[in-house]
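The shown structure was predicted, so the numbers you read here are calculated from the model rather than taken from an experiment. For the numbers below, each heavy atom of this structure counts, side chains included, while hydrogens, waters and symmetry mates do not. Note that ligands are numbered from 1 as they come in the structure, with each ligand's atoms numbered from 1 the same way.
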Amino acid sequence: MKTYTNSVNGQSVEAADHQEIFNPATGDSLGLAPLSTESDVGSAVDAARLAQPGWATISDQERRDTVARVAQVLEDNSEYLAELITREQGKPLSGPGSRFEMQACVGWTQVPAALELPPEIVFEDEKRKDILHRVPLGVVAAIAPWNWPLMIAIWQIIPAIRMGNTVVLKPSEYTPIATLEMVRLINQVLPPGVLNTVSGDGRIGAALTSHPGIDKIMFTGSEATGRRIIEASTRNLAPITLELGGNDAAIILPGTDAGAIAEGLFWGAFLNMGQTCACIKRLYVHESDYEAVVGALSTLAGQMPVGDGMDESNLIGPLQNEMQYNKVKELVADARANGCEVMEFGNMPDTGYFLPLTLVGNIRDGQRLVDEEQFGPALPVIRYQSVDEAVASANGLGAGLGASVWANDPEQAQQIALNLEAGTVWINQHGAIHPMVPFGGNKNSGYGVEFGLEGLKAVTQPRVISVKK
Ligand code: NDP
């Protein structure tokens, strides 16, 4: 059985303990992932601290060139890593699956490599000149989740190193292998110590985020763990970028052509089997359009090939882990027990964490499947009578990551969009993120933004040089 390793100071590091990782589609063993200790966390942070001043003092152009070489490594190893993602995380190779995740990794590396944050004259008169420089924070702790394990790790790692920080990354204990392999490969073109890993469960995450040698924390995951990380950061006062998922509402305006939007709605809700922070998790449909929308989505759901994602004909895979599988099942069972109409589609394989693509009708706000983030392939479709009522429902929960408005007239949709409490409101699309466009949550979905120039600023601190004339 293959044993995978962490990377510290450019070296592969053997661990004393391991956990076996299994394919969520087949139950097959994938190998042994290392389990770090708290002392390993200390060694990784030390390596990152040692490497940071040197990495920060090379020229900006040299760092950009190095990040561009990282993009090339990702591109050259895309197929190897995509197959590992499919085996470990479950999303299929095809469609918006693991090859798509690898394309995103390349894109989200190329863009920061091309961006610059030059010093900026923020004030000047006859007496003084004030120049704002953006300097690195130091060592960044990156805590990645299991749903898009490589892509989200890249979102955290790349801006950080681009701006002269060094990184200690902890992948999720559910999906460590593909991430550790990606880091091993990337390290071929990075100086030792710039990118290090530790692996293990939440205790290792807690040891990392509370470590006094950490200067910034990047976290994507649940609200509950986000709150724990805020508490942990009182030990090091590290600023945090928190992306805590959401319970995104989509509102279809009355009279919208259901056929024209069905495919966008479907993937907006069922991308990665719904295990995506900015997926449609509540669909609000005017009562007069309800039958047409449910009909169009049912047709698509019924046609989707489901199964082991290594088979290139499949577009829908399993849930990633038992915890998530049980959570989604429980929420659907609760809806069924409360009289909702549960519509299930797809022929599920017998093995693995497969759940049917599910639409749930006759459901209202206040029921668990609507109010709690399901993070899985079960979409509540809620009838509304007035657009004001739908907007109030969309804003009625604590989450505020994304939202969308669907309409024949995008101008009309934009007026509604301005009233939705979310970091991004998409029109006639959902979850359409881009490496140049800032992304982050409102309300309980976290704070700080990633991507683009704003994302680069978030991994720097301002230093003003103020000159008397
Ligand atoms: P968590 O937030 O617990 O996990 C996310 C990451 O945080 C993982 O790497 C995890 O490690 C790590 N972690 C756990 N505890 C700590 C801690 N105390 N300090 C630092 N890091 C820690 O989410 P879960 O995986 O438990 O999923 C629960 C729910 O969260 C899901 O059902 C879903 O609703 C939501 N979620 C949202 C995501 C998003 O994209 N916004 C991604 C994943 C989940 P480890 O896995 O090793 O415990």
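- Taking CG of Leu195 as the start and OG1 of Thr197 as the end, the distance is 7.5 Å to the nearest 0.5 Å.
- Polar contact with ligand 1: absent for Leu244 (N/O pair, distance under 3.5 Å).
- Of all the heavy atoms of Ile229, the ones lying under 4.0 Å from any atom of ligand 1 belong exclusively to the side chain.
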For this session: Take Glu231 and Arg228 through the test salt bridge (Lys or Arg N to Asp or Glu O under 4.0 Å) and record every step on the way to the result.
Result: CA-CA 5 Å; Glu231 282 168 24; Arg228 274 182 222 117; over 6 Å; no

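- The presence of a protein heavy atom under 4.0 Å from atom 4 (O) of ligand 1 is ruled out.
- Checked against a 3.5 angstrom limit, the closest N/O atoms of Lys327 and ligand 1 fall inside it.
- Of the protein's non-hydrogen atoms, the one nearest atom 13 (N) of ligand 1 is Thr225 CG2, 3.6 Å.
- Atom CD of Glu263 has 12 or fewer neighbouring heavy atoms from other residues, nucleotides or ligands inside a 6.0 Å radius.
- Ser222 CB, 3.0 Å is the protein heavy atom nearest to atom 30 (O) of ligand 1.
- Residues Asp28 and Phe22 fail the side-chain proximity criterion, which asks for heavy atoms closer than 4.5 Å.
- For atom 46 (O) of ligand 1, the nearest non-hydrogen atom of the protein is Ser172 OG, 2.9 Å.
- None of Tyr325, Phe270, Trp146 except one satisfies the ring-ring contact (aromatic ring centres under 6.0 Å, His included) rule with Phe375; the exception is Trp146.
- Annotation: Asn147 places an N or O atom under 3.5 Å from an N or O atom of ligand 1; distance criterion only.
- Shortest contact from atom 17 (C) of ligand 1 to any protein heavy atom: Gly202 O, 3.5 Å.
- Other residues, nucleotides and ligands contribute over 12 non-hydrogen atoms within 6.0 Å of the CD atom of Glu20.
- Close approach of ligand 1 to Gln324 is summarised as follows: ligand atoms under 4.0 Å from at least one heavy atom of the residue are 31 (C), 32 (O).
- For ligand 1, the atoms lying closer than 4.0 Å to a non-hydrogen atom of Ala144 are 6 (C), 8 (C), 9 (O).
- Of all atoms in ligand 1, numbered sequentially from 1 with element shown, those under 4.0 Å from a heavy atom of Pro145 are 42 (C), 43 (C).
- For ligand 1, the atoms closer than 4.0 angstrom to any heavy atom of Ile143 are 6 (C), 7 (O), 9 (O), 12 (C), 21 (N).
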Going by atom type alone, with no hydrogens or angles, which donor-acceptor pairs under 3.5 Å involve a side-chain atom of residues 335-350 and a protein atom two or more places apart or on another chain?
{"from": "Arg336", "atom 1": "NH2", "to": "Glu344", "atom 2": "OE2", "distance (Å)": "3.2"}
{"from": "Asn338", "atom 1": "ND2", "to": "Asp334", "atom 2": "O", "distance (Å)": "2.8"}

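- Side chain of Arg162 to main chain of Pro112: a donor-acceptor pair is present (N/O by atom type, distance under 3.5 Å, no hydrogens or angles).
- For the ligand labelled ligand 1, residue Met323 lies inside the 4.0 Å heavy-atom shell.
- The closest non-hydrogen atom to atom 20 (C) of ligand 1, taken over Gly205, Pro176, Gly200, comes from Gly205.
- A donor-acceptor pair is defined here as one N or O able to donate and one able to accept, closer than 3.5 Å; such a pair exists between the side chain of Glu101 and the backbone of Leu150.
- The protein atom (non-hydrogen) at minimum distance from atom 19 (N) of ligand 1 is Ala206 N, 3.3 Å.
- Here the heavy atom of the protein found nearest to atom 10 (C) of ligand 1 is Lys170 NZ, 4.0 Å.
- Residue Glu173 has at least one nitrogen or oxygen atom sitting less than 3.5 Å from a nitrogen or oxygen atom of ligand 1, judged on distance alone.
- On a distance-only criterion, Gly245 and ligand 1 share at least one N/O pair closer than 3.5 Å.
- The number of heavy-atom neighbours closer than 6.0 Å to CD of Glu322, taken from other residues, nucleotides and ligands shown, is 12 or below.
- Listed by atom number, the atoms of ligand 1 under 4.0 Å from Thr220 heavy atoms are 5 (C), 39 (C), 40 (O), 41 (N).
- Close approach of ligand 1 to Glu243 is summarised as follows: ligand atoms under 4.0 Å from at least one heavy atom of the residue are 41 (N).
- The shell of residues lying under 4.0 angstrom from ligand 1, judged by heavy atoms, includes Phe219.
- Taking the six-membered ring where the residue is Trp, Trp155 and Phe451 present perpendicular rings, their angle passing 60° and hence far from 30°.
- With no hydrogens or angles considered, no side-chain donor-acceptor pair links Thr424 and Trp426 at under 3.5 Å.
- Per-residue contacts place Glu373 under 4.0 angstrom from the following atoms of ligand 1 (heavy atoms of the residue considered): 33 (C), 34 (O), 35 (C).
- The existence of a salt bridge linking Arg364 and Asp371 is excluded, since no basic side-chain nitrogen approaches an acidic carboxylate oxygen closer than 4.0 Å.
- The nearest protein atom to atom 44 (C) of ligand 1, hydrogens excluded, is given as Phe375 CE2, 3.9 Å; this is a heavy-atom distance.
- Ion pair Glu79/Arg99 flagged as a salt bridge, since at least one NZ, NE, NH1 or NH2 atom sits closer than 4.0 Å to an Asp/Glu carboxylate oxygen.
- Residue Met163 holds its CE atom at 9.5 Å from CG of Leu115, rounded to the nearest 0.5 Å.
- When only non-hydrogen protein atoms are considered, atom 25 (O) of ligand 1 lies nearest to Trp146 NE1, 2.7 Å.
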